[in-house]
Amino acid sequence: MPLREFVCLACANQFETLVFQNEEISCPKCSSINLNQQWSLPAAPPSTGSKMQNPCGPACCKLPGMPSCAN
C-alpha cells in the first residue's frame, strides 16, 4: 500500500494518500476523481559521518528524541 501524491484537476488541491489495490481515489476537498498523480523522489540516505540536523531549531533541543543543538 504505497503512499502516492496527487493534484486534483478540478480544484488544484494537492494531497497524498495511501493507495490500496484497485481502489478509486478521489480528492478529499471536492470529491473529484479527475486527478493527476505526481512523481515523488525517494529520500536520499544521509552521507557517511554526517550529523543529523535539528529540524526545528533551538526550541526543540531539550525535547526527548530530538538531536542535540551542539555542533
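Here Q38 contributes atom CD and F6 contributes atom CZ; the two are 9.5 Å apart, rounded to the nearest 0.5 Å. Rounded to the nearest 0.5 Å, atoms CG (L18) and CZ (R4) are 10.5 Å apart. Separation of atoms OG1 (T17) and CZ (F20) is listed at 8.0 Å; rounding is to 0.5 Å.
Counted within 6.0 Å of CD on E24, heavy atoms from surrounding residues, nucleotides or ligands total 12 or fewer; the atom is thus considered open.
Counting heavy atoms from C-beta on, the side chains of N13 and P28 come closer than 4.5 Å.
Across all non-hydrogen atoms, the minimal contact from S26 to S31 is CB-O, 3.7 Å.
Screening L35, I33, N34, V7 against C27 for a side chain to side chain contact (heavy atoms under 4.5 Å, CB included) leaves a single residue, L35.
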